[in-house]
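First listed ligand is number 1; within each ligand, the first listed atom is number 1.
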Amino acid sequence: MRVSSRPATGATITNPVIPGFFPDPSVCRVGEDYYLACSSFEYFPGVPLLHSRDLVHWTQIGNVLDRPGQLRLPPDAPSSGGVYAPTLRHHDGRFWLVVTNVSGGGNLLVTATDPAGPWSDPVPLPGVPGIDPDLAWDDDGTCWCTVAGVGQVRLDPHTGRTLGPFRHIWSGTPGAKAPEAPHLYRIGDHWYLLIAQGGTERGHGVSVARSRTPDGPFEPCPANPVLTHRGTDHPVQNTGHADLVQGPDGSWWMVLLGVRPGGGTPGWHVLGRETFLAPVDWVDGWPVVGEMAPEAPAPPWPLRPGPALPVRDDFDRAELAPHWVSLRHRPPEDCTTGARPGWLTLRARGGSLDATDVTFVGRRQQHPSCRARVLVDLADGDGGLAVRLDEQHHYAVEATSGEVCVRARIGPLGTVVATRPVPPGPVVLRVEVAASRDLTDPRTGPDTVTLGVEEPDGTFAALASLDGRYLSTEVAGGFTGRVLGVYAATGSLHVDWFDYEPLDD
Ligand code: 6LW
């Protein structure tokens, strides 16, 4: 039982602090402001950038890679390809971010004075192999770049040139899967090297080692892994891929990814890997990670909630809000709020949701139970509202002229599961996701996804209710989570507004 040395304020936090698919978090603090970046894979813009004043409440303020010139995602980039694991740091008055684009160019570095952007054009890092790059600076200004597998090389962060040999500095805990997500910190008299091991599924964990010098030799913590939920029935699983940050009061905190499996056995997670917060104490020069309860003691400073996302986006701004994502790229002519003022106009680029180049604009599902509604006006095509995990795992309610249908794609199987006639003109499409509560049958899935259309009086005409396990990562694989979005399958369609709201679990 860990005894916290922290003053209890009585306040609690609800984990995850960033719900929905915001994995591989990397955090830094500047004064009283915290900034955090996450992976984004095949979605554009890439690398969501979030801000907090208390480590608990987070607001997305932008995306680091929000220009096509920064983020090359070819149309055939696979789902869960693209952008892996960033590291975000503040040094010498600037923000620095390194990240891997596994579908276009490998490791790259960008900088900014304002974390909300604009960020610089990428500096390629051709001498930095692999994934999960990290940056750390020595007192003499030496910049150390450390990568998965725990290799390390000195780097000129201005030019991207490596300086000296690439060296292997630690293998992590013997017997466990390759070490990933390395982060190097200078804390007191030591350099600490934090890693993830065990793979990002149920075996995930966090280990640490320390050295008197940034390039080792490293002494592993005798208590490794310092955090794992493997082999437990903890409601949060797959915990790992962590980053450390020190509060203004000197306390230490860890952000990390985890999943919340729903339903019966074995449990299915549908929101992707989410960002959690855990307290960290130091005992005998080693970090001790506190309990990651769903309701945990809050940090010992005033909580400062930021602005909540509004339920409705009525697309009345020239630019889409930063939480909207498309697939692989978003040519302005295919997705614009300028064609019909106050509407979002989508023009089909080619394929349906089964294709990698579908015109799609969506936002992460962030709640186990939630509702999405959109008002669409079919210009000369068809499209609809989808719950998407990837090209082979999605459910959608699609409007064509005079008809609405529900399509389901599960792996190699795709079919229309329901249809109904609708009058011509704008139509409201709705998706409701209800998390499973009654688990008396252990075979119960995580949730039920109900898709349909609204009658003119607003009542919900459900067309199909489908088992949500088939839109889970345990079934589909990959690194992302569900995204709820609108898409154009052929021609064009206009979207007047998009509502997203949580429902009681
Ligand atoms: C990430 C790496 C990992 O780069 O998955 O399983 C990759 N571990 O740390 C994508 O999240």
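Heavy-atom distances between E201 and ligand 1 stay at or above 4.0 Å for every pair.
Only one option out of D114, V110, V30 pairs with F95 in a side chain to side chain contact (heavy atoms under 4.5 Å, CB included); it is V30. Here the rule is side-chain hydrogen bond (donor to acceptor under 3.5 Å, both in side chains) with D354, and of H394, Q392, R407 only H394 fits it. Paired with H269 under the rule side-chain hydrogen bond (donor to acceptor under 3.5 Å, both in side chains), one option of R260, E474, R482 passes, and it is E474.
Atoms of ligand 1 found under 4.0 Å from any heavy atom of H241, numbered from 1 in the order shown, are 9 (O). Every atom of ligand 1 with a heavy atom of Y84 under 4.0 Å away is listed here by number and element: 4 (O), 7 (C), 10 (C).
For atom 3 (C) of ligand 1, the closest non-hydrogen atom of the protein is E180 OE1, 3.7 Å. Of all protein heavy atoms, the one lying nearest to atom 10 (C) of ligand 1 is D24 OD2, 3.5 Å. When hydrogens are left out, the protein atom nearest atom 4 (O) of ligand 1 is D132 OD1, 2.5 Å; that is the closest non-hydrogen contact. Shortest contact from atom 5 (O) of ligand 1 to any protein heavy atom: F479 CE2, 3.8 Å.
In this structure, P16 and T275 approach most closely via the heavy-atom pair CB-O, 3.1 Å.
The aromatic ring centres of H367 and Y500 sit less than 6.0 Å apart.
Between R273 and ligand 1, at least one N/O pair is under 3.5 Å apart.
Atoms CZ and CG, from F276 and L227 in turn, are 11.0 Å apart once rounded to the nearest 0.5 Å.
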